[in-house]
Amino acid sequence: MAKDAPLYLKPRVEPPLASLLGEVRFLHSLVDTLGSPLNVLLPEVVAGNAEHFRSVYVRHRLCGRVYFAHKANRSSALVRRLAACDPAVVGIDVASLGELRHALSCGFTGDRMMATGPKDPQFLWLAARVGATVNLDSVGELRQLAELVREHGLGRTRVLARLSGLESDTGFEGAGTRLLSRGSRFGTPVAAAEALWSALEEHADAVELVGLAYHLDTTGLEEKVRALERCVLLMDECRARGLTPGVVDIGGGFGVGYVAEAAEWERWTTALSEAVLGIRPPLTWRGHGYGLRGEGGTVRGTAALYPAHRSVAGPAYLDALLSRPAPALGRSPATLLLEHLNDLYIEPGRALVDQCGVSLARVLEVRPTGDAPDRYLVRLGMNAGDVSLEEHGVLVDPVLLPRDGARDESNGAGPVGVHLVGNLCLEADLITRRLVYLPRLPSSGDVLAFVNTAGYAMDFHAHQAQRQPLARTVAVTEEDGIWRWCLDEDYWPLTNPQGRPT
Ligand SMILES: *Cc1c(COP(=O)(O)O)cnc(C)c1O
């Protein structure tokens, strides 16, 4: 392939998101009305994703709940839609007092909630008060909770004990596997489990151990299988001491595929290596290497990139994890869970909001970069905080929604490489450091749609620097080919929100 051929990273777009992107006039009218940037969410999709996770449980004959990791998105519409799902199947993982209050106001009851993350006394008190399960980070947190429960006469609180270091292979077969995970500062190190069991026994009047938990920030299936098996074995250890845990909570991290075609991702990453070696022109703003650098003709460093193409992600990843033989006992985690009569909890964030949202931005200005021929700067009505996938990976190609509603292929004849820059007076305010190829040069007034941004990208890092507007968020629903919208805070999971006579 010619070295100057466009290197696309076309997004994975599935229905109904695909048909929403075809509603060019509708999306333009939303941006006209509500401004740029604008977040658009599809609450029905989150319910469908929860159902896909549930079907994996059914296939493996497992019981337990899917807890949405709220931190992935602040939306009310998504949380309300999930609250309307089967209470036996769908819960919510809240990681702050604010998230807990929000989930309560969206219709989740305390018994469907799990409190994770760092906890202040107010968060612990409200969690215990409403009967949430507390995912304990340390022995210190356990003591603090037990004291609160006794002092305020709160009911005996259900707790999970979060462990860390389960994925390392010390003491198990299959030694020598390279660890992909970076370890965790959360949870009690498994080496200190004895002290944790003792503390749980000591405070058994105030807390009830319902299970063990972990969350591994890795894509490595092998480490996750090892951790799951180890957890099942540790549960037996707890039972031998008279504790009665019955749940393994394996956290989140099931992943999302952002790029549609594996070949495009391979081509782009190969080209990135060639570019840092200087054997092809830079693919990025000022030769940024995403962690790679060229030294004396070889590539050094490691690409700090989320794998944008995933052949197995989300519910399929859970399925693979449950099916793969575990190292010590040689049986699959699903079989182990069944044999030991354990329920399974998961806490998907990113994967549960897959295909649930797009971020829209108006094109404000288009001009040549001046330093390379046929390269343009495209300035958008948004900034890097409004679509922050670049924290871990690269932003995939946005979809061009022309102002006139039709795809005008005549303008400028064919693909063009552009740098997407934001609305801040800051050199570093790039929407992506990648040179993005668009099918044609956009014009001011066009809209770019960044696809699949509901997980961490659309509001996690948003800020109001320079008093630029925060994106508003709308929820959209489709019925008989007609799309309707409302503000995120006005969405309720009703089939007849206007209360029309039926
Ligand atoms: C962030 C987080 C999750 C969700 O992770 P995803 O990668 O979004 O699935 C789940 N559990 C805990 C404890 C977390 O911190």
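Counting starts at 1 for both ligands and their atoms, following the listed order.
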Tabulate below the donor-acceptor pairs under 3.5 Å that side-chain atoms of residues 41-48 make, not counting sequence neighbours, or state none.
residue	atom	partner	partner atom	Å
E44	OE1	R81	NE	3.4
E44	OE1	R81	NH2	3.3
E44	OE2	R81	NE	2.9

Under 4.0 Å from ligand 1, counting heavy atoms only: the protein residues, by chain and number |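 Only A69, K71, D93, R162, H215, G252, G253, E347, P348, G349, R350, Y456 have heavy atoms that fall under 4.0 Å of ligand 1, ordered by chain and number.
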Look at the rings of Y290 and W268 and say which category their plane angle falls in: under 30° parallel, 30 to 60° tilted, over 60° perpendicular.
->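 Ring orientation, 0 to 90° scale: perpendicular.
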Considering residues at least two apart in sequence or located in another chain, which fulfil the side-chain contact (heavy atoms from CB on, under 4.5 Å) criterion with D429?
-> N383, A384, N423, L424, L426
Is E194 paired with R241 through a side-chain N to carboxylate O contact shorter than 4.0 Å?
-> yes
Is the number of heavy atoms from other residues, nucleotides or ligands within 6.0 Å of NE2 (H52) greater than 12?
-> no
What salt bridge (Lys or Arg N to Asp or Glu O under 4.0 Å) pairs are there with at least one residue in residues 121-143, not counting sequence neighbours?
-> K119-E141
